[in-house]
Amino acid sequence: MSEQDERPSSALAAAAASGAGEGAGTGDLVASPGAVMRVAGMVGKLVEEVRAAPLDEAGRARLADIHERSIHELEQGLAPELRDELRRITLPFSSDATPSQAELRIAQAQLLGWLEGLFHGIQSAVLAQQMAARGQLEQMRQGRGRPAPGGDTSGGQYL
């Protein structure tokens, strides 16, 4: 297997795989989780609205603008690795023509899918952190009755 094949496909996957239990947290990758959640909620609503009703040219132009702004707002709350990933998967609309409703649906669904992947990645990283913390706690509990190697064996009242 090549080195590239062994590398996680996203920054969150890398955090979960490499050091999620050792202090590397999702806070390093998502600086503004509240903002990211708000934008994600808005994008989800937009996808529902676009499915529900046909849009005229002005509506499509407005939705394309909202899509671009959403991406810009998301970038403000993400670490550079996730910003780069988001830029790689989203393609801007051409500036000379209003995108079709199908193009808008695809772009919004793609963004929503990326956001869902981001949230699943965050959940995985948090779970990995919790599992590592449980393992450390279990090790501490098992080692409680035995003195530490080379440690002070005098029984004081403080740790």
Side-chain angles (χ1 to χ4, degrees), residues 1-140:
M1 196 182 282
S2 73
E3 187 177 310
Q4 188 173 10
D5 292 340
E6 294 173 5
R7 225 177 37 219
S9 61
S10 74
L12 276 172
S18 68
E22 299 168 7
T26 57
D28 298 336
L29 296 170
V30 181
S32 289
V36 171
M37 294 295 287
R38 285 189 298 276
V39 172
M42 181 192 69
V43 169
K45 284 294 189 187
L46 284 172
V47 169
E48 288 176 25
E49 291 297 322
V50 171
R51 282 186 197 148
L55 297 172
D56 60 6
E57 186 172 349
R60 292 192 317 270
R62 176 77 175 147
L63 190 57
D65 183 51
I66 291 170
H67 180 77
E68 294 294 329
R69 285 186 193 183
S70 298
I71 290 172
H72 179 71
E73 288 296 322
L74 282 171
E75 289 175 344
Q76 301 305 311
L78 300 173
E81 301 90 21
L82 288 174
R83 262 185 254 144
D84 292 343
E85 185 178 305
L86 181 60
R87 287 179 190 143
R88 279 193 314 271
I89 67 148
T90 56
L91 298 174
F93 297 115
S94 63
S95 59
D96 57 343
T98 303
S100 70
Q101 193 160 344
E103 289 174 312
L104 288 167
R105 281 186 196 155
I106 290 167
Q108 293 289 9
Q110 180 185 31
L111 180 57
L112 190 58
W114 185 83
L115 286 166
E116 287 176 2
L118 176 70
F119 298 142
H120 288 299
I122 290 170
Q123 289 173 336
S124 296
V126 168
L127 182 61
Q129 288 172 340
Q130 289 173 342
M131 296 299 284
R134 277 191 197 137
Q136 290 172 349
L137 180 62
E138 195 59 38
Q139 287 176 345
M140 289 171 43

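Below, each value reflects all heavy atoms present in this structure, side chains not excepted, and no hydrogens, waters or symmetry copies. Source: prediction; values computed, not measured.
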Under the ring-ring contact (aromatic ring centres under 6.0 Å, His included) rule, what pairs show up with a residue in [range], not counting sequence neighbours?
range           : answer
residues 32-53  : none
residues 97-118 : none
residues 54-78  : His67-Phe93
residues 28-64  : none

For the side chain of Glu68 and the backbone of Asp65, is there at least one donor-acceptor N/O pair under 3.5 Å apart?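 The answer is no, because no donor-acceptor pair under 3.5 Å joins these two groups.
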Mind checking side-chain contact (heavy atoms from CB on, under 4.5 Å) for [X] and listing every partner two or more places apart, or none if nothing turns up?
X      : answer
Arg60  : Leu55, Glu57, Thr98, Gln101, Leu104
Glu138 : Arg141, Gln142
Gln110 : Ile89
Ile66  : Met42, Leu46, Arg62, Ser70

For Arg87, check salt bridge (Lys or Arg N to Asp or Glu O under 4.0 Å) against everything at least two apart and list the hits.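 Per chain and number, Arg87 pairs via salt bridge (Lys or Arg N to Asp or Glu O under 4.0 Å) with Glu75, Asp84.
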Can you name the residues that form a side-chain hydrogen bond (donor to acceptor under 3.5 Å, both in side chains) with Asp96, not counting sequence neighbours?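 With sequence neighbours excluded, Asp96 shows a side-chain hydrogen bond (donor to acceptor under 3.5 Å, both in side chains) to Ser94, given in chain and number order.
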With a 4.5 Å heavy-atom cut-off, do [X] and [Y] have their side chains touching?
X     : Y     : answer
Leu74 : Leu82 : no
Ile71 : Val39 : no
Leu86 : Arg83 : no

Distance from Leu127 atom CG to His120 atom NE2, nearest 0.5 Å?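 Nearest 0.5 Å value for the CG-NE2 distance: 13.5 Å.
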Enumerate the residue pairs fulfilling salt bridge (charged side-chain N to carboxylate O under 4.0 Å, His left out) with a member in residues 32-48, sequence neighbours excluded, ordered by first and then second residue.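 Found Lys45-Glu48.
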